Number of protein chains: 2
Amino acid sequence: METAARPLTRIQQEKREVILEAALDVFSASGFRGSTIDQVADAAGMSKPNLLYYFRSKEEIHATLMERLLHTWLAPLHEFDDGDDPITEIRGYIRRKLEMARDFPRESRLFANEILQGAPRIMSLLEGELKQLVDKKARIIRKWMRAGKIARTDPYHLIFAIWATTQHYADFDVQVRAVLGPDRDGEGRFEDAARFLEQLFIGCLKA
Amino acid sequence: METAARPLTRIQQEKREVILEAALDVFSASGFRGSTIDQVADAAGMSKPNLLYYFRSKEEIHATLMERLLHTWLAPLHEFDDGDDPITEIRGYIRRKLEMARDFPRESRLFANEILQGAPRIMSLLEGELKQLVDKKARIIRKWMRAGKIARTDPYHLIFAIWATTQHYADFDVQVRAVLGPDRDGEGRFEDAARFLEQLFIGCLKA
DNA sequence: GTCTATATAAAGATAGAC
DNA sequence: GTCTATCTTTATATAGAC
């Protein structure tokens, strides 16, 4: 007979946090299949069997991680709303997405890894929650266009372009660094990117 | 004593092609670590030991694949040149890159996988050949800007944005499909994307 | 060149002592 | 809760017959 699920103690919660933090490091760098429980255990400062005392399997760690990730990841799009000034709203969304790429590059890469492999674990979420959210925001953008507040264009591809350009700085970080060279490292790169993306998107949207 | 490397017969070349084609399928879908020689052998229609008769190791298959990939991948940027009309030149580059995403999505994903994992195998190429190529093209773009032919902006981030937006349609294909739904499948999506990207980039670059 | 059989190593997961 | 030892599965690669 199975024992009923017990609420976790505070200490158990904290240990799980340590493991998830370590797993984010490892999984985002090597992908799910490319990572080993040993690596995660090492990064978390504990033995493999000890780690498996807190999570039943590698799969369960990954699932827990993805669940949280998606919440964080969709937050900026949720914030995007029908404000007074469309340009301010879109500019803010771009800035928040770029800040996410800067502050949460591991999350960005973990997400990219999952999508790249065909999104086996989150397909239903993409077709459900994500699609509905994007549909809603696309309707807002279209309303702005009909009202003549911004130039007419395809709202879906506009959103894709914002995702692509901002996440690029996290997902393709090593390439960006290699091309820009050591001169333009750190914070400066993000300021340059922010300026450029504002010019690109806002320039083309002004009616 | 080692036997000297012999030139490959035509049949050997053909078998290697079959293997590389299968490997591209498998590696681009699951990443290098996520793929097994068994899968590649199955896809190539031969047994594992037979496959390993043509390639010494999984690593060697991957290396051969990456080498070719990079040649193909940089071709559009090589073509980008100092023509009469900057707008035509940039528009052509965007179109070629988007066509690559449409016609060679596996290559795009294989490349994305490699970069995402920190580009361990091609770092020196990124810092060498790629950087020099981009530097050269950035100088051309800057010349156009100084001549007042296009609006002033950061040429490096412009190139990154073109890479990001076009490759997005290959790398994040499942997400794009999920969000757009089944209505907008196949060729139509790429036409929409082409129209949008032209408006985005050309609109912002017109002086 | 291709096969069956197998050596070898890595990785996920568990048993059971403490 | 944490450890050492170990089981099991999977995967890379090789040996050797044909």
Side-chain angles (χ1 to χ4, degrees), chain A residues 1-66 113 117 120-121, chain B residues 1-66 113 117 120-121:
Chain A
M1 179 183 149
E2 300 263 330
T3 48
R6 233 182 289 276
L8 300 175
T9 68
R10 190 179 55 81
I11 298 211
Q12 281 172 327
Q13 281 287 7
E14 282 168 7
K15 286 269 184 181
R16 282 172 65 100
E17 290 306 319
V18 171
I19 292 168
L20 288 172
E21 167 66 21
L24 179 56
D25 251 17
V26 176
F27 287 165
S28 68
S30 310
F32 180 71
R33 295 287 306 269
S35 309
T36 70
I37 298 186
D38 268 313
Q39 289 175 296
V40 177
D42 273 4
M46 63 181 73
S47 70
K48 180 163 54 174
N50 194 190
L51 181 151
L52 287 166
Y53 173 79
Y54 291 99
F55 287 92
R56 264 205 275 277
S57 68
K58 182 184 175 184
E59 193 68 49
E60 190 183 309
I61 301 173
H62 190 258
T64 309
L65 219 42
M66 285 305 291
N113 246 307
Q117 323 257 318
R121 285 166 266 252
Chain B
M1 178 182 153
E2 300 262 330
T3 47
R6 232 182 290 276
L8 300 175
T9 69
R10 190 180 54 82
I11 298 213
Q12 281 173 327
Q13 282 288 10
E14 281 169 8
K15 285 270 184 180
R16 283 171 65 99
E17 290 307 319
V18 171
I19 293 168
L20 288 172
E21 168 65 21
L24 179 56
D25 250 17
V26 176
F27 288 165
S28 69
S30 310
F32 179 71
R33 296 286 308 270
S35 308
T36 71
I37 297 186
D38 267 315
Q39 290 175 295
V40 177
D42 273 4
M46 63 181 74
S47 71
K48 181 162 52 174
N50 195 189
L51 182 150
L52 287 166
Y53 173 79
Y54 292 99
F55 287 93
R56 263 206 277 277
S57 66
K58 181 183 174 184
E59 192 68 48
E60 191 184 308
I61 302 173
H62 190 257
T64 308
L65 219 43
M66 286 303 292
N113 245 308
Q117 323 256 317
R121 285 165 265 252

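Throughout, a chain's letter reflects where its sequence line sits, starting with A, and its residues are numbered from 1. Only a predicted model underlies this, so the values are computations on that prediction, with no experimental measurement involved.
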To the nearest angstrom, how far is [X] atom [atom1] from [N] atom [atom2]?
X       : N      : atom1 : atom2 : answer
A:Tyr54 : C:dG12 : OH    : P     : 20 Å
A:Phe55 : D:dG1  : CZ    : C1'   : 16 Å
B:His62 : D:dT12 : NE2   : P     : 13 Å
B:Asp42 : D:dT12 : CG    : P     : 12 Å
B:Leu51 : D:dA13 : CG    : P     : 10 Å
A:Asp38 : D:dT6  : CG    : C1'   : 14 Å
B:Asn50 : D:dA13 : CG    : P     : 16 Å
B:Ile61 : D:dT12 : CD1   : C1'   : 11 Å

Give the minimum heavy-atom separation between [X] and [Y], together with the two atoms involved.
X       : Y       : result
A:Tyr54 : A:Arg16 : O-NH1, 3.1 Å
B:Leu52 : B:Arg56 : CD2-O, 3.9 Å
A:Ile19 : A:Val40 : O-CG1, 4.1 Å
B:Gln12 : B:Thr9  : OE1-N, 2.9 Å
A:Leu65 : A:Leu20 : CD1-O, 3.6 Å

Problem set entry | Whichever of A:Ser35 and B:Met46 has its nearest DNA chain C nucleotide further upstream toward 5' |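 Between the two, 5'-proximity favours B:Met46.
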Problem set entry | Exam field: side chain B:Ser28 to backbone B:Asp25, donor-acceptor pair closer than 3.5 Å |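 Yes, B:Ser28 side chain to B:Asp25 backbone: donor-acceptor pair under 3.5 Å.
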Exercise. Between A:Arg33 and B:Ser35, is there a donor-acceptor pair closer than 3.5 Å when you use the side chain of the first and the backbone of the second?
Worked result: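 Here the side-chain-to-backbone pair does not exist.
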Problem set entry | Distance below 4.0 Å between A:Ser47 side-chain N/O and D:dC3 OP1 or OP2 |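 Affirmative; the distance criterion is met.
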Exercise. OP1, OP2 of D:dA11 versus side-chain N and O of A:Arg33: anything below 4.0 Å?
Worked result: yes
Problem set entry | Protein proximity profile, nucleotides 13-18 of chain C - base contact B, sugar-phosphate-only contact S, no contact -, cut-off 4.0 Å on heavy atoms | BB----
For this session: Quick one: pull up NZ in A:Lys48 and CG in A:Asp42 and give me the separation to the nearest 0.5 Å.
Result: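 Answer for the NZ-CG pair, A:Lys48 versus A:Asp42, is 10.0 Å.
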For this session: Go through A:Phe27 and A:Met66 one step at a time and tell me if the side-chain contact (heavy atoms from CB on, under 4.5 Å) criterion holds.
Result: CA-CA 11 Å; A:Phe27 287 165; A:Met66 285 305 291; over 6 Å; no
Problem set entry | Interface with DNA chain C, restricted to residues 10-27 of chain B and to heavy atoms under 4.0 Å | B:Gln12, B:Lys15
